[in-house]
Amino acid sequence: MNQTIKELCERKSARVFLKKPVPEKIQDLILNAAFQAPTAGCQMLYSILKITDGALKNTLAEKCDRQPFIASAPLVWIFLADTKKWRDMYISANCWPRKQGAGDALIAMADALIAAQNAATAAHSLGLGSSYIGDILENCEDIRELLKLPEDVFPAAMIVMGYPDARHTNRSKPARFDKKYIVFENHYKALTEDELRQMYLTREEQECRTDTDFESSVAKFYKRKYDSAFCIEMNRSAKEYLKYFIQDT
């Protein structure tokens, strides 16, 4: 195992940070790592917002499912899927582009997420902790107004970063599902009910939870995540963000 793979395997989410600023030169290293990410056609179909205004951080913490650690994180970066830059560039070159579609939105989101993961990995290699905040997809109208987002720009991910405290450093990384349930050859394989049960319970055993009841445990997770108010709101907001890209021509 080389150093890169070691760090990828060791990296885990951090939500408690020391009150220690991250030097600008370290931030620049992380940004440069993000810029080196694979990108469709070398277009870099994303923009990055560095949130430094304290009041704005507090508002984002409230809008993103009321998570106060967002406001106290030294770095709060939002990776935006941005199709506006290239559309404006085409117009500047008298190309008069076609109407944008769902594919344009998805490829820009992929660009933004790949860059974000490069940033998270680079941050870990430099001694910082980080956490993805998927809740940035909620409250579309409020977030769009707060960040002054045009119709063809939308949030792909928020990452908070900082120097982690001992609670993070001493915490074990959650176990992942076994490869046989994730990797298939040539064609997709729908898992059977027994395979799904085994997939879940095997990971529970790796977390030293040997007495887990499958039905009740999954049902609790279902209510907490999949059928939660924030998840329902996220789907509503995502539909609103994508509306611009899927309008009938």
Novice: Tell me if a side-chain donor or acceptor on D213 pairs with a main-chain N or O of S216 at a distance below 3.5 Å.
Specialist: yes
Novice: Do the side chain of R176 and the main chain of P174 share a donor and acceptor less than 3.5 angstrom apart?
Specialist: yes
Novice: Verify, without hydrogens or angle tests, whether N118 (side chain) and A33 (backbone) share a donor-acceptor contact under 3.5 angstrom.
Specialist: yes
Novice: Please give me the minimum heavy-atom distance between F230 and D135, naming the atom from each residue.
Specialist: CD1-OD1, 3.5 Å
Novice: Would K223 and S228 count as having a side-chain donor-acceptor pair, cut-off 3.5 Å?
Specialist: no
Novice: Can the ring centres of F245 and F154 be said to be less than 6.0 Å apart?
Specialist: yes
Novice: Under a 3.5 Å distance rule, please check whether E62 uses its side chain to pair with a backbone N or O of T59 as donor and acceptor.
Specialist: no
Novice: Compute whether any side-chain donor of one residue and acceptor of the other, for K50 and Q27, lie under 3.5 angstrom apart.
Specialist: yes
Novice: Does the pair Y226 and Y222 meet the rule for a ring-ring contact (aromatic ring centres under 6.0 Å, His included), with working shown?
Specialist: CA-CA 5 Å; Y226 190 83; Y222 171 86; 5.7 Å; yes
Novice: For E141 versus E240, what's the shortest heavy-atom pair and its separation?
Specialist: OE2-CG, 3.7 Å
Novice: I'd like to know whether CD of E215 has more than 12 heavy-atom contacts from other residues, nucleotides or ligands below 6.0 angstrom.
Specialist: yes
Novice: Please check if the side chain of S13 supplies one atom and the backbone of S131 the other of a donor-acceptor pair under 3.5 Å.
Specialist: no
Novice: Donor-acceptor check, side chain of K99 to backbone of I246, threshold 3.5 angstrom: yes or no?
Specialist: no
Novice: Testing R236, K63, M234 one by one against E138 for a side chain to side chain contact (heavy atoms under 4.5 Å, CB included), which residue passes?
Specialist: M234
Novice: Working note: R171 + K12, criterion side chain to side chain contact (heavy atoms under 4.5 Å, CB included); need CA distance, chi angles, decisive distance, verdict.
Specialist: CA-CA 9 Å; R171 176 176 67 85; K12 54 184 182 287; 3.9 Å; yes
Novice: Between D178 (side chain) and T202 (backbone), is there a donor-acceptor pair under 3.5 Å?
Specialist: no
